[in-house]
Enquirer: 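Sharing a structure here in structure tokens format.
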Number of protein chains: 2
Amino acid sequence: MRGVEDGETTGRSARDRMTAAAFSLFAERGFDSTTIEDITRLAGVGRTTFFRTFGSKEDVVFPDHEDLLARIEARLAASGPDSTWVALGDAAAIVLEQYLGEGEVARLRYGLTSVVPALREREIASAQRYRLVFKRFLRDLLGDTPRDALRADLIAAAIVTAHNHVLLRWLRGETSTPQKDLTTALGAVTEAFGGTSSEDEGTTVVVLRSGQGIETLLPRLRSALSDSPD
Amino acid sequence: MRGVEDGETTGRSARDRMTAAAFSLFAERGFDSTTIEDITRLAGVGRTTFFRTFGSKEDVVFPDHEDLLARIEARLAASGPDSTWVALGDAAAIVLEQYLGEGEVARLRYGLTSVVPALREREIASAQRYRLVFKRFLRDLLGDTPRDALRADLIAAAIVTAHNHVLLRWLRGETSTPQKDLTTALGAVTEAFGGTSSEDEGTTVVVLRSGQGIETLLPRLRSALSDSPD
DNA sequence: TAGAAAATGATACGGAGTATCAACTTCTGT
DNA sequence: ACAGAAGTTGATACTCCGTATCATTTTCTA
């Protein structure tokens with residue numbers, strides 16, 4: 001890293017060069033000790049160009065969420081009446097794949113957000129945007145009562161939590177099967193919130209108590225439910 | 001608000017005076033257009049004092065979370081083996097009461113965080129700290145498997161989401177019974193995650209299906225469970 | 001190829017935040 | 001009560017981020 005060579009300049013956008021320079025310098029000397037001047041000097045651009053490309057110093061660290069948010073909104077919009085949970089799961093998987101695809105950059109970002117408070121806040125707040133997309137989708141689906149609003153909020157939060165739980169384990173190197181882990185985690189969400197969904201047909205739950213053992217009761221229960229009870 | 005009068009100076013700490021001056025000026029001209037110089041001039045202190053008292057401009061807006069976090073940690077630590085959900089609910093209620101007690105300041109803060117991105121990020125990130133307290137408590141309680149870790153994360157997120165759902169409705173003036181609403185919201189969380197808890201004693205769930213109506217089946221089920229079945 | 005349009009860089013500036021030192025106030029021991 | 005130590009506060013200089021403006025360079029079009 002001695003500066004910019006002519007071959008590199010013509011092959012990469014200023015944005016990419018600044019991003020690469022930034023991450024390289026952050027890794028070497030930390031976020032707070034790296035100035036914009038440092039970054040732009042290494043990238044071979046003017047400081048003004050930096051602020052034309054990124055809104056702020058923090059913005060260079062984070063991906064462009066707009067594209068990703070639009071993609072999951074499209075996936076959710078394409079869901080049918082019986083595929084709500086599938087759509088939610090697919091949307092979460094789209095987000096996860098984006099991070100997995102970033103690979104080392106995602107890990108570098110994680111390292112930075114772990115030690116720089118402003119970056120951590122930015123990261124945490126970005127998860128909120130995804131949660132709001134899920135929540136709005138569920139609000140449209142469920143209805144307008146306060147109970148529906150709460151339910152939408154809880155499910156959206158659970159999906160984002162499950163996703164981030166898996167992502168964090170991957171970023172920390174604690175799992176090498178993140179896709180499978182996400183399926184499992186979303187299964188737990190479905191179990192918690194899907195089980196009492198009104199999509200089930202004709203299930204009635206009766207609660208009766210008995211002090212007798214299940215092995216005594218089971219044949220009798222089967223008999224009671226048969227078409228010709230003994 | 002013409003500046004500081006002597007009587008006021010001796011009766012209030014510099015911190016209180018700066019906080020009051022800040023909120024007053026933020027309401028009048030907005031967060032970004034209010035400078036530290038404006039605030040300290042109105043409060044009758046030096047600019048250096050501001051930064052000795054608050055780490056940054058944003059810090060003047062937010063409450064001191066440390067005390068509150070310590071209180072809910074103490075409440076959680078005081079829970080017994082059979083009162084997990086009660087403790088979690090009490091801890092959430094402690095947080096809500098703190099905000100309700102702030103009254104108009106909480107509403108002013110909400111207005112500010114709604115329009116200033118940096119403040120919103122700070123607010124969102126502060127909720128994370130409460131979530132981590134709940135999560136650690138649950139982690140200690142549940143165990144060490146990946147499934148336990150996920151469950152702790154999901155429950156913690158659900159409690160914070162329920163709390164914030166209620167708080168936001170209150171801040172927006174959409175409810176005048178926030179304590180009652182919180183109980184209801186936490187009930188939904190318990191319903192989602194509490195039902196399969198291993199704390200229940202001796203309940204066995206048997207799932208059998210029948211095409212007959214419940215009014216036909218109920219007498220037979222009662223009979224099957226009685227001590228002397230017909 | 002000339003001119004228009006777009007992109008880029010240099011420069012000045014304001015404001016948040018940091019560091020240092022001077023000045024002031026409070027506390028302590030005799 | 002007073003001198004000196006300790007603690008607090010304010011003034012000042014500075015860095016860095018971010019904004020605005022204008023000059024210069026590059027790219028595009030007819």
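To find a chain, count down the sequence lines: A is the first, B the second, and so on, and within it residues start at 1.
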Enquirer: Tell me whether the side-chain N or O atoms of R52(A) pair up with the base of dG18(D) as donor and acceptor below 3.5 Å, since no angle test is needed here.
Expert: no

Enquirer: For I39(A) and dG18(D), give me the distance from atom CD1 to atom C1', rounded to whole Å.
Expert: 14 Å

Enquirer: Starting from P on dG14(C), measure out to NZ on K57(B) and report it in whole angstrom.
Expert: 16 Å

Enquirer: Between N164(B) and T161(B), is any side-chain donor less than 3.5 angstrom from a side-chain acceptor?
Expert: no

Enquirer: Measure from the side chain of S56(A), starting at C-beta and using heavy atoms only, and say which of dG18(D), dG10(D), dC16(D) lies closest.
Expert: dG18(D)

Enquirer: Would you kindly give the CZ-to-C1' distance between R47(B) and dT18(C), to the nearest whole Å?
Expert: 10 Å

Enquirer: For the residue pair E121(A) / Q128(B), report whether a side-chain donor-acceptor contact shorter than 3.5 Å exists.
Expert: no

Enquirer: Can you tell me how far P of dG10(D) sits from CZ of R41(B), to the nearest Å?
Expert: 14 Å

Enquirer: Tell me what S33(A) touches on the nucleic acid: a base, only sugar-phosphate, or nothing, going by heavy atoms under 4.0 Å.
Expert: nothing

Enquirer: Using a 4.0 Å heavy-atom cut-off, does T34(A) contact any base of the nucleic acid, only the sugar-phosphate backbone, or nothing at all?
Expert: sugar-phosphate

Enquirer: How long is the line joining CZ of F54(B) and C1' of dG17(C), in whole Å?
Expert: 15 Å

Enquirer: Provide, to the nearest angstrom, the distance between the CG atom belonging to L119(B) and the P atom belonging to dA16(C).
Expert: 13 Å

Enquirer: Just how far, in rounded Å, is P of dC17(D) from CZ of F51(A)?
Expert: 7 Å

Enquirer: Please determine, by modelled atom types, if D38(B) and T35(B) share a side-chain donor-acceptor pair under 3.5 angstrom.
Expert: yes

Enquirer: Does the side chain of H163(A) come under 3.5 Å of the side chain of Y130(A) through a donor N or O and an acceptor N or O?
Expert: no

Enquirer: What is the distance, rounded to the nearest whole Å, between atom CD of E37(B) and atom P of dA16(C)?
Expert: 9 Å

Enquirer: Suppose we call a contact any N or O donor and acceptor under 3.5 Å apart; does that hold for the side chain of T48(B) and the base of dA11(D)?
Expert: yes

